[in-house]
Protein chains: 2
Amino acid sequence: MKALRLHSYWRSSASWRVRLGLNLKGLPYEYAAVHLLKDGGQQNSAEYRAVNPMRTVPTLEWTEADGTELRLSQSIAILEFLEERIPSPALLPKDAYLRARVRMVAEAVNSGMQPLQNLAVLQRIKSELNGDDKAWAAHWNVRGLEALEALVKPTVGRYCVGDAVTLADVCLVPQLYGARRFGVDVSPYTTLLRIEAACMELPAFQAAHPDRQPDAVPV
Amino acid sequence: MKALRLHSYWRSSASWRVRLGLNLKGLPYEYAAVHLLKDGGQQNSAEYRAVNPMRTVPTLEWTEADGTELRLSQSIAILEFLEERIPSPALLPKDAYLRARVRMVAEAVNSGMQPLQNLAVLQRIKSELNGDDKAWAAHWNVRGLEALEALVKPTVGRYCVGDAVTLADVCLVPQLYGARRFGVDVSPYTTLLRIEAACMELPAFQAAHPDRQPDAVPV
């Protein structure tokens with residue numbers, strides 16, 4: 001039996017993606033909360049930096065049947081690892097081009113949107129540049145959502161790419177939540193909203209929602 | 001025969017990664033220059049946005065033997081596609097955990113560093129926030145390089161992960177070039193520099209360098 005432990009923060013969209021991957025694959029895991037705001041950010045502690053030098057969540061600790069301990073960070077790398085080790089249910093299509101379309105949408109979120117609204121980035125926008133961090137984050141979300149709406153059009157079915165959930169949906173749903181938090185009007189993105197609604201009917205998506213996590217703070 | 005066309009900008013590190021992937025796989029391609037500064041940025045033109053709604057380079061156009069035209073953006077999605085369609089020489093190890101380590105390093109660059117020094121981001125730091133764009137970029141590069149130096153330690157051989165070139169190296173080399181451009185002293189990162197030197201001995205890396213591209217501007 002594999003023992004899994006996920007270092008996560010309830011509102012971190014990258015942690016959310018991995019919670020989704022684990023839920024969709026039916027993998028139970030221990031939840032290790034990393035509070036990104038408390039104590040100057042627990043991710044900056046020497047203890048956590050030894051676990052993850054990038055000082056980000058999530059980090060997945062995976063103990064093999066023989067006791068070997070693996071440790072992985074970067075949500076997309078973790079999700080690809082889960083896909084390779086636990087192939088069913090598949091979160092990537094079989095066809096190479098469709099797989100690429102899934103990864104393209106996932107990366108448009110993972111590298112095109114989320115890094116720009118990362119907590120460390122917003123803190124620097126505010127503290128170093130006296131900027132409006134919420135307006136900054138909203139700008140990149142609008143730009144990204146416009147692109148995503150166009151990117152999914154050629155492949156959309158019930159979900160981003162066809163009628164099965166993929167890594168594209170796993171990235172999209174947390175990003176829409178983030179966009180709303182930063183005050184973005186998401187109503188123009190009707191295709192994305194329809195996909196989100198379809199995802200949220202699934203128990204794996206419901207259980208991965210920030211509000212359902214042990215470290216969630218009631219608003 | 002497959003016809004390939006790459007929309008690229010000489011100094012774009014994401015374009016550079018895909019040039020490396022194509023060179024390492026031995027795939028010739030047509031070079032379609034997209035000037036990110038001229039005409040208010042050619043990536044913002046209606047024509048290019050139809051090709052790539054994210055308004056980024058690279059975009060790869062790939063014509064199948066039967067004439068089907070595929071179009072892909074997002075460097076990591078393109079590199080994974082190349083790996084699946086042209087498996088040899090492999091740019092990912094066989095072992096799932098080592099593959100994940102490669103992707104972790106690649107993503108630490110792709111989502112953890114490069115998005116924060118993206119041209120559109122630097123322009124906004126300067127124009128909207130009156131910030132020092134070069135200092136902004138340098139900050140995230142230092143933070144990222146420190147993490148990368150630690151991330152590669154457990155797996156380093158001649159390259160980031162063992163003794164074969166992988167997608168981790170393909171992401172690392174252009175990032176080091178970017179860091180130097182922003183004035184970062186890269187000398188503390190001795191492991192990364194050693195890997196870079198090993199890569200630059202390879203003709204595929206030499207040919208992908210910005211200075212060797214048709215749209216390069218002599219400094």
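We use all heavy atoms of the structure for the numbers below, so side chains are in, but hydrogens, waters and symmetry mates are not. Model, not experiment: these values are computed from the prediction. We name chains A, B, ... by the order of the sequence lines, and we start the count at 1 in each one.
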- request: Pick whichever of B:Thr56, B:Ile78, B:Ile125, B:Asn130 has the most heavy-atom pairs under 4.5 Å with chain A.
  value: B:Ile125

message: Within the 4.5 Å heavy-atom criterion, are B:Leu72 and A:Met104 side-chain neighbours or not?
response: yes

message: Taking side chain as everything from C-beta outward and backbone as N, CA, C, O, which of these in A:Glu84 sits under 4.5 Å from a heavy atom of chain B? Side chain, backbone, both or neither.
response: side chain

Pairs of heavy atoms under 4.5 Å with chain A: top-ranked of B:Leu151, B:Val121, B:Ile76: B:Val121

query: Looking at B:Arg55, B:Met113, B:Glu149, which one has more heavy-atom pairs under 4.5 Å with chain A than the rest?
result: B:Arg55

field: Heavy atoms of other groups near B:Lys134 NZ, more than 12 under 6.0 Å
entry: no

query: How many angstroms lie between atom CD of A:Glu107 and atom OG of B:Ser73, to the nearest 0.5 angstrom?
result: 10.5 Å

field: Among B:Ala135, B:Gly131, B:Pro115, residue most engaged with chain A (heavy-atom pairs, under 4.5 Å)
entry: B:Pro115

- prompt: Hey, does B:Ser111 have a side-chain heavy atom less than 4.5 Å from the side chain of A:Gln114?
  reply: no

field: Crowding at CD, B:Glu47 (>12 non-hydrogen neighbours, <6.0 Å)
entry: no

- request: Report yes if the side chains of A:Arg124 and B:Trp140 come closer than 4.5 Å at any heavy-atom pair, otherwise no.
  value: yes

Side chain proximity check, A:Glu128 to B:His139, heavy atoms < 4.5 angstrom: no

message: Heavy-atom cut-off 4.5 Å, strictly under: side chain, backbone, both or neither for B:Glu146 against chain A?
response: side chain

- request: Go through A:Gly112, A:Ala120, A:Ala150 and name the one with the most non-hydrogen pairs under 4.5 angstrom from chain B.
  value: A:Ala120

- prompt: Atom CZ in B:Arg103, atom CD in A:Gln74: separation rounded to 0.5 Å?
  reply: 13.0 Å

- prompt: Where is the tightest heavy-atom contact between A:Ala100 and B:Ala77, given as atom of each residue plus distance?
  reply: O-CB, 3.8 Å

- line: Distance col, row B:Leu116:CG vs A:Asn118:CG, nearest 0.5 angstrom, shows 7.5 Å

message: To the nearest 0.5 Å, what is the distance between CG on A:Leu98 and CG on B:Leu70?
response: 9.5 Å

message: Is A:Arg49 in contact with chain B via its backbone, its side chain, both, or neither, using a 4.5 Å heavy-atom distance?
response: side chain

- prompt: Any side-chain heavy-atom pair from A:Asn110 and B:Asn110 closer than 4.5 angstrom?
  reply: yes

message: Using 0.5 Å steps for rounding, measure from the CG atom of A:Leu129 to the CH2 atom of B:Trp136.
response: 6.0 Å

